Protein chains: 2
Amino acid sequence: MVTIKDIAKLANVSHTTVSRALNNSPLIKEPTKKKILEIAAQMNYTPNFNAKSLVKQKSYTIGLFYTSISNGTSPSFFADTLKGVNSVISQEYNLFVRGIDDYSDYSSIGRQRYDGILLMSQSVNDNAFIYHVMEKNIPFVVLNRDIEEKNIINILSDDKEGARQAVEYLIEHGHSDIAIIEGKQGFKSSQQRKEGYISALIQHGIQIRSEYSASGNYDMESGYRAMEQLLSLNTRPTAVFCSNDDMAIGAMNAIFANELKVPDDVSVVGFDDIGFAQYTMPRLTTVKRPVEQISVEGAKKLLSLLNGNEQRKEKILANTELMIRDSVKTLAKC
Amino acid sequence: MVTIKDIAKLANVSHTTVSRALNNSPLIKEPTKKKILEIAAQMNYTPNFNAKSLVKQKSYTIGLFYTSISNGTSPSFFADTLKGVNSVISQEYNLFVRGIDDYSDYSSIGRQRYDGILLMSQSVNDNAFIYHVMEKNIPFVVLNRDIEEKNIINILSDDKEGARQAVEYLIEHGHSDIAIIEGKQGFKSSQQRKEGYISALIQHGIQIRSEYSASGNYDMESGYRAMEQLLSLNTRPTAVFCSNDDMAIGAMNAIFANELKVPDDVSVVGFDDIGFAQYTMPRLTTVKRPVEQISVEGAKKLLSLLNGNEQRKEKILANTELMIRDSVKTLAKC
DNA sequence: AAGTAGAATGTTCACGTTAACAAAAGGAAG
DNA sequence: CTTCCTTTTGTTAACGTGAACATTCTACTT
């Protein structure tokens with residue numbers, strides 16, 4: 001392995017001069033710098049990041065942590081977040097990916113190893129990890145999940161507004177018998193999506209009917225069951241807002257199973273815009289959560305923090321986008 | 001930051017003794033070791049991996065490289081491979097993730113930075129990277145894509161056999177007018193899946209008809225177009241083997257668009273078993289590529305290599321599995 | 001009791017880099 | 001030509017750890 005000392009010998013200067021030249025220090029005369037740079041290139045020199053890290057007390061490493069890599073994280077979430085973060089991180093930084101549940105204890109997670117941490121949080125269970133990171137004084141950003149705690153940079157999508165818009169879209173297309181299939185009990189996201197649903201109804205003066213609220217837990221199967229329950233009502237809803245796409249797919253299957261059609265008999269709207277939403281039959285109208293954008297913003301924020309720019313420790317809401325496809329029917333307004 | 005020297009002072013021993021105790025050296029007396037370990041735990045000591053790396057000439061980092069993170073890699077592929085690798089890598093190692101196309105030059109990729117490299121290869125364009133890694137003498141394993149080169153550890157699924165089994169399954173269910181929608185021209189995988197298709201037909205004495213070969217390029221749209229072409233034939237095939245699931249979904253859409261039904265009018269089989277295959281209507285029968293298993297095997301192989309166990313530089317084929325769902329109809333044999 | 005082998009611990013140095021301080025070289029002013 | 005800055009370069013130490021070699025301590029043999 002070629003080191004700066006090797007270069008120094010060849011260039012007939014001290015290794016410090018080489019170091020300075022490579023780091024583009026203004027202290028070095030142009031011709032000297034040029035000569036050194038040439039030799040370095042010729043010798044195929046690669047800096048040793050470990051040595052650099054050791055002396056600079058910086059790891060040049062950013063940790064990207066998920067709640068879990070093995071359990072529950074949806075494929076498209078991985079792909080989108082990784083894409084987003086990856087596009088921002090410069091070559092100077094290493095990107096390390098791990099699941100929080102891979103660790104039995106967090107002792108190996110310290111400042112020396114990570115300059116900063118991006119946490120794609122999907123569960124309240126992550127809080128222990130968050131406290132550890134705060135305690136260790138590692139710069140970090142929490143993405144995707146709403147953290148109650150103040151003084152944390154927290155970027156997530158505005159689920160309430162997204163849900164409101166989706167339901168408003170249904171109303172504008174003539175629906176007023178609109179049901180909701182709720183997300184997992186106790187999840188902040190479930191609550192906010194429901195709030196959006198309610199807010200849209202109120203805003204348009206539509207009465208809220210408790211029998212139009214069916215509970216689910218974010219998986220397909222629960223969407224199916226919730227839909228069956230809704231279909232068995234005396235006055236069947238003409239449209240259903242599902243708190244995520246998986247449940248929407250389950251709901252659509254339940255509708256088909258009852259020999260009804262989407263959107264002719266029942267309109268369906270989802271939430272998330274998973275990759276598969278455009279491959280369903282019919283293609284699913286849904287609320288796109290800007291996961292990739294959140295990742296990009298989060299990574300940028302973190303990098304800026306690492307560069308010493310003070311950031312406001314605030315919550316940032318990213319806008320959702322309604323992806324209009326084919327699962328909603330326009331009703332003639334009565 | 002607490003270092004072994006701090007511990008040494010408190011324990012009234014030399015820092016080397018601490019180092020040995022922490023590394024569980026047999027040279028240290030039990031009571032001393034115990035005392036040191038206790039103090040370390042109490043002080044919340046975290047080893048500095050940079051210093052360790054520097055002196056041991058080891059980076060404790062495994063690079064997981066994809067052909068691209070931004071382009072073309074399917075979400076489920078990310079998720080499955082990451083899961084697989086992650087489950088094997090011990091806490092001792094860092095997992096570094098990047099796309100090859102993130103690099104304009106490979107100069108920063110050297111032995112000091114990576115103890116070993118896992119390459120999830122999806123394109124011939126990766127070859128330049130492979131040569132670089134070989135030249136730098138970094139231990140590595142190529143996964144997923146068939147590499148012609150000898151003397152490379154190369155783990156991939158047995159696509160030919162998988163395709164053969166799928167087509168055989170169609171034949172066993174009474175089909176003999178079986179078409180194929182081929183994968184992207186020039187891809188090794190396309191070729192091997194087609195070979196499997198042909199081999200099954202020959203084996204069962206079924207004549208190969210050139211008009212039953214439609215070309216595609218692995219995306220939905222191409223599957224749709226290929227299927228339309230097949231449907232326009234005088235003697236429509238009763239079953240279609242699609243070289244991947246995306247094209248199978250496209251093909252199913254084409255069948256529906258022509259007011260035909262899957263599987264009643266045409267049976268469809270896919271390849272890959274993407275997550276969505278079980279959510280299609282009807283659920284897609286397909287060949288599951290053991291992506292996660294390949295990742296696990298590859299990571300194990302690499303770790304074993306890093307631990308100094310010589311590995312045979314060979315090609316390993318992993319078995320596919322036919323996922324039987326609802327997109328194939330049993331025909332009465334004539 | 002002395003000698004000795006072996007176990008346990010300590011000293012010193014090295015890894016490759018940057019930083020603090022030191023020194024030399026060059027140039028301007030008197 | 002001194003003297004004194006300023007610019008450029010060099011010397012030395014430090015980061016935290018592990019390894020080679022050195023030393024001390026123990027326990028056993030004679």
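First the proteins, then the strands, lettered A, B, ... as listed; each starts at 1. Predicted model only: the values in this text are computed from it and were never measured.
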Taking atom types as modelled, find out whether B:S19 and B:T16 have a side-chain donor-acceptor pair closer than 3.5 angstrom. no
Under 3.5 Å, is there a donor-acceptor pair between the B:R20 and B:S25 side chains? no
Measure the distance from [atom1] on [X] to [atom2] on [N] and round it to the nearest whole Å.
X      : N      : atom1 : atom2 : value
B:K35  : C:dT9  : NZ    : P     : 9 Å
B:I36  : D:dG18 : CD1   : P     : 13 Å
A:K9   : D:dG10 : NZ    : P     : 15 Å
A:Y60  : C:dT17 : OH    : P     : 12 Å
A:R113 : D:dG16 : CZ    : P     : 17 Å
B:R20  : D:dG16 : CZ    : P     : 20 Å
B:K34  : C:dT9  : NZ    : P     : 15 Å
A:R111 : D:dG16 : CZ    : P     : 14 Å

Below 4.0 angstrom from OP1 or OP2 of [N], is there any side-chain N or O of [X]?
X     : N      : result
B:T17 : C:dG10 : yes
A:S14 : D:dG10 : yes
A:S19 : C:dT17 : no

Among C:dT18, C:dT12, C:dA19, the nucleotide that comes nearest once only the side chain of A:T16 is considered: C:dA19
Among D:dT9, C:dG16, C:dT9, the nucleotide that comes nearest once only the side chain of B:T32 is considered: C:dT9
Just the table, please: protein N/O against nucleotides 24-28 of chain D N/O, every pair under 3.5 Å.
none

Restricting to non-hydrogen atoms, name the atom on A:I7 and the atom on A:M43 that form the minimum distance, rounded to 0.1 Å. CG1-SD, 4.0 Å
Search all heavy atoms of A:R289 against all heavy atoms of A:D272 and return the closest pair with its distance. NE-OD1, 3.1 Å
Under 3.5 Å donor-acceptor, [X] side chain and [Y] backbone:
X      : Y      : value
B:R98  : A:L95  : no
A:N154 : A:V142 : yes
A:K35  : A:A11  : yes

For the aromatic rings, using the six-membered ring if either is Trp, is the centroid distance between B:Y60 and B:F49 under 6.0 Å? yes
Polar pair under 3.5 Å, donor/acceptor by atom type, side chain A:H15, base D:dT11: no
With B:H132, which of B:Y106, B:F140, B:F65 fulfils ring-ring contact (aromatic ring centres under 6.0 Å, His included)? B:Y106
Can you list, in residue-number order, the parts of residues 42-57 of chain A that come under 4.0 Å of DNA chain C, counting heavy atoms only? A:Y45, A:P47, A:N48, A:A51, A:K52, A:V55, A:K56
